[in-house]
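Lettering follows sequence order; numbering is per chain, from 1.
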2 protein chains.
Amino acid sequence: MTATIRDVAEAAGVSVATVSRVVSRSEHRVSAATRSRVLAAVARLRYQPNLVAQGLKNRVTHTVGLIVPDISNPFFPAIVRGIEDVANQAGLAVLLCNTYEDLSKERSYLALLRKRMVDGFIFATVGANTEHLRMLRRQRMPAVLIARAPGGVDMDAVLVDNRRGEREAVEHLLRLGHRRIAFIGGPAILPVAGERLADYRDALGAAGIRFDPALVFDGGFRPEGGAAAVEALLRRRVKFTAIVAANDLMAIGAMEDLHRRGRRLPGDVAVVGFDDITFASLVEPPLTTVAQPKYQMGRLAMERLLELLNGGTSRSRRLVLEPRLVVRESCGATLKRTESKRSN
Amino acid sequence: MTATIRDVAEAAGVSVATVSRVVSRSEHRVSAATRSRVLAAVARLRYQPNLVAQGLKNRVTHTVGLIVPDISNPFFPAIVRGIEDVANQAGLAVLLCNTYEDLSKERSYLALLRKRMVDGFIFATVGANTEHLRMLRRQRMPAVLIARAPGGVDMDAVLVDNRRGEREAVEHLLRLGHRRIAFIGGPAILPVAGERLADYRDALGAAGIRFDPALVFDGGFRPEGGAAAVEALLRRRVKFTAIVAANDLMAIGAMEDLHRRGRRLPGDVAVVGFDDITFASLVEPPLTTVAQPKYQMGRLAMERLLELLNGGTSRSRRLVLEPRLVVRESCGATLKRTESKRSN
DNA sequence: CATCCGATGGTAATCGTTTGCCATTGACGA
DNA sequence: TCGTCAATGGCAAACGATTACCATCGGATG
């Protein structure tokens with residue numbers, strides 16, 4: 001079908017070695033005359049080097065594996081876009097893998113990607129188990145973690161200071177006078193869930209408020225979970241005037257349910273989310289939330305991976321980005337409607 | 001680093017040919033004794049066949065290219081997930097490419113993927129230009145289109161009967177008594193935009209209502225565009241009691257702006273969207289919209305591609321799925337709050 | 001005992017590149 | 001007229017697999 005280097009060589013009346021020299025990096029070991037003959041043949045036959053063959057020979061496939069829990073979770077697409085933009089510009093292709101938080105899937109994808117000789121990996125939030133990460137590290141496989149770096153693994157990572165983000169969220173509510181602040185988090189298995197809960201406790205503790213387990217719920221990081229938590233709060237007649245959710249999805253689910261139950265937002269209940277997904281600014285009232293620079297995280301992770309690929313296996317580095325509390329209207333902090341940013 | 005077939009051969013004291021025979025498809029041309037020796041060596045060395053080498057030799061890479069305008073557009077992640085799920089189960093890897101609706105990017109990705117010897121393509125909404133698609137077709141490259149199949153290209157596709165969806169949306173509003181229905185569509189360059197506008201006109205026409213250009217806006221398929229359209233309607237004092245938007249993003253943007261301007265939904269203005277993205281059910285009021293079976297579309301497309309890969313280069317087929325008008329509360333059609341489904 | 005045959009496993013070519021090393025050539029100085 | 005040398009380009013061995021074809025061997029058969 002497509003022309004090979006051999007076809008070009010024949011057409012130009014030279015050997016394949018010469019064609020290769022002309023086509024690949026500017027090796028100037030070929031005279032101007034032959035070079036132009038070869039280039040003419042290349043153009044005529046529309047020759048495109050076969051990247052699979054090149055990959056086999058050079059042991060570099062210009063491919064990276066991207067491992068994501070679930071691309072349909074709105075936290076990820078922006079990250080993936082950042083990664084893909086940088087990768088594309090650098091001539092790398094991205095293999096997409098959804099693990100659905102399933103460790104065995106994560107492992108099997110990893111094995112598959114290695115069989116495919118990918119040059120490196122990006123993990124947009126790994127699971128808790130670090131054993132296979134250590135293995136990667138031992139084998140000096142370039143890899144970058146995003147958003148979460150489990151303790152004990154010494155790998156490059158692009159992180160967000162979520163501790164600070166969560167604290168700011170809670171402090172924002174405290175400043176507005178709230179004392180009974182419910183927390184909707186994730187399943188205890190996920191480390192990020194435990195972390196965020198701890199941050200909530202710390203922020204309360206710093207303000208001298210006793211932690212009340214009756215205010216804590218597992219919303220599974222899904223909108224339904226947020227709604228369920230509100231239902232439980234109301235059913236059990238727990239007193240509360242505010243909600244912090246560990247992600248926007250649950251916050252929005254909670255808001256929807258509060259609406260349904262006739263509560264006014266932010267009048268009766270103030271709500272703060274986490275992530276600043278696109279829709280945070282589009283719900284009623286627009287959601288106050290902790291924004292993570294998702295697109296940037298993707299870009300930075302891929303840029304770091306490029307550095308690792310192009311040589312420097314220097315010591316591993318962690319970039320820690322600052323989250324930003326985006327104050328909108330779901331807490332009643334803004335009296336008048338202000339311009340609420342719609343970021344990507 | 002990793003063991004090759006040669007290493008296994010040495011360890012087992014046989015030739016590489018024998019190892020290959022044991023490892024690859026169950027060719028039984030090897031005695032039980034040798035077979036177990038080989039398998040022992042394979043296990044001991046943790047041998048994993050190199051898929052790049054296999055790909056080169058077999059001319060099959062078990063890789064497909066997935067071409068998407070923009071993964072961060074919420075219409076796509078569910079489709080991608082469907083694709084990825086099926087691909088993974090079939091042992092295929094997915095290369096993700098964002099074109100940002102840019103034809104030159106689409107072309108360059110196509111060339112790149114061919115250099116990588118992908119086995120097939122999935123286009124989740126191609127641009128208007130069909131020239132490179134025809135080329136694929138001529139070269140008998142397996143490919144499946146999703147959501148949009150430009151006229152004149154004879155390719156497999158998984159489509160949705162959007163004509164009917166849009167008509168149902170408009171008819172729903174007509175049935176509720178609306179006569180001044182604004183339309184917020186997309187840029188005229190995109191074929192889907194023109195189509196959906198035509199469907200809107202047709203539906204109006206069928207009801208004997210004159211088309212009024214003053215009610216038509218280009219919202220660029222983005223929330224800001226929806227808001228801008230509302231602004232324009234209000235500024236120009238155009239009379240309208242309902243809005244149909246060509247996607248949910250714009251519908252939601254419009255709703256937000258209407259809220260901001262003090263209009264009541266659905267009391268003052270009824271709104272219908274298109275797509276049924278996750279958030280359609282989470283806004284206030286929950287958005288009535290035309291649902292496309294996104295995850296299914298992804299699955300079906302990938303399943304069809306598998307058929308094409310495994311032989312049958314039969315005549316190309318188009319699957320047309322039925323959209324579904326999901327009636328929620330943004331049109332006032334439901335008197336009482338009913339259970340509003342939250343689909344993925 | 002010579003021949004034939006099925007079963008088994010090895011040899012080597014191939015997929016499309018890259019690249020170290022060698023051969024050729026023409027210019028140039030001795 | 002040689003020998004030397006830089007410039008140029010070809011040969012062939014990789015990269016890691018697959019597979020058509022061939023060699024060997026032990027037993028069955030006449």
* Asked: Of B/Ile122, B/Leu110, B/Leu95, which meets side-chain contact (heavy atoms from CB on, under 4.5 Å) against B/Ile67?
  -> B/Leu110
* Under 3.5 Å, side chain of B/Arg37 to main-chain N/O of B/Ala12, donor-acceptor pair present? -> yes
* Asked: Which parts of residues 39-62 of chain B get close to DNA chain C, meaning a heavy atom less than 4.0 angstrom away?
  -> B/Leu56, B/Lys57, B/Arg59
* A/Met117 CE - D/dA17 C1' separation (whole Å) -> 12 Å
* Which residues satisfy the side-chain hydrogen bond (donor to acceptor under 3.5 Å, both in side chains) test with A/Ser108, sequence neighbours excluded? -> none
* To do: Under the salt bridge (Lys or Arg N to Asp or Glu O under 4.0 Å) rule, collect the residues that match up with B/Asp154, sequence neighbours excluded.
  => B/Arg137
* Asked: Quick one: side-chain hydrogen bond (donor to acceptor under 3.5 Å, both in side chains) partners of B/Arg299, sequence neighbours excluded?
  -> B/Tyr295
* **Pairs flagged by side chain to side chain donor-acceptor pair (under 3.5 Å) wherever residues 48-61 of chain A is involved - sequence neighbours left out** => A/Thr61-A/Asp119
Please enumerate all protein N or O atoms sitting under 3.5 Å from an N or O of nucleotides 5-12 of chain D, with distances to 0.1 Å.
| from | atom 1 | to | atom 2 | distance (Å) |
| --- | --- | --- | --- | --- |
| D/dG9 | OP1 | A/Ser31 | OG | 3.3 |
| D/dG9 | OP1 | A/Thr34 | OG1 | 2.5 |
| D/dG9 | OP2 | A/Ser31 | N | 2.9 |
| D/dG9 | OP2 | A/Thr34 | OG1 | 3.0 |
| D/dG9 | N7 | A/Arg29 | NH2 | 2.5 |
| D/dG9 | O6 | A/Arg29 | NH2 | 2.3 |
| D/dG10 | OP2 | A/Ser15 | N | 2.7 |
| D/dG10 | OP2 | A/Ser15 | OG | 2.7 |
| D/dG10 | OP2 | A/Thr18 | OG1 | 2.5 |
| D/dG10 | N7 | A/Arg21 | NH2 | 2.8 |
| D/dG10 | O6 | A/Arg21 | NH1 | 3.2 |
| D/dG10 | O6 | A/Arg21 | NH2 | 2.9 |

* Hey, is A/Asp156 close enough to A/Arg317 for a salt bridge, meaning N to O under 4.0 Å? -> no
* Please name all residues satisfying side-chain hydrogen bond (donor to acceptor under 3.5 Å, both in side chains) with A/Glu84, sequence neighbours left out, ordered by chain then number. => B/Asn98, B/Tyr109
* To do: Can you pull out how bent the helix from C/dC1-D/dG30 to C/dA30-D/dT1 is, comparing the axes over its first five and last five pairs, to 10°?
  => 80°
* Please name the pair of heavy atoms, one in A/Ala143 and one in A/Phe123, separated by the smallest distance, quoted to 0.1 Å. => CB-CE1, 4.4 Å
* Which residues pass the salt bridge (Lys or Arg N to Asp or Glu O under 4.0 Å) test with B/Arg134, sequence neighbours left out? -> none
* **side-chain hydrogen bond (donor to acceptor under 3.5 Å, both in side chains) involving A/Ser15 - partner list, sequence neighbours excluded** => A/Thr18
* Selection: residues 4-12 of chain A, any non-hydrogen atom under 4.0 Å of DNA chain C -> A/Thr4, A/Ile5, A/Arg6
* To do: Grab the CZ-P distance between B/Arg116 and C/dG16 for me, whole Å please.
  => 18 Å
* Asked: Just by modelled atom types, is the A/Asp85 backbone N or O under 3.5 Å from a matching donor or acceptor in the A/Asn88 side chain?
  -> no
* To do: Scan residues 62-77 of chain B for pairs that pass side chain to side chain donor-acceptor pair (under 3.5 Å), counting only residues two or more places apart or in two chains.
  => A/Arg81-B/Ser72, A/Arg116-B/Thr63, B/Asp70-B/Ser72
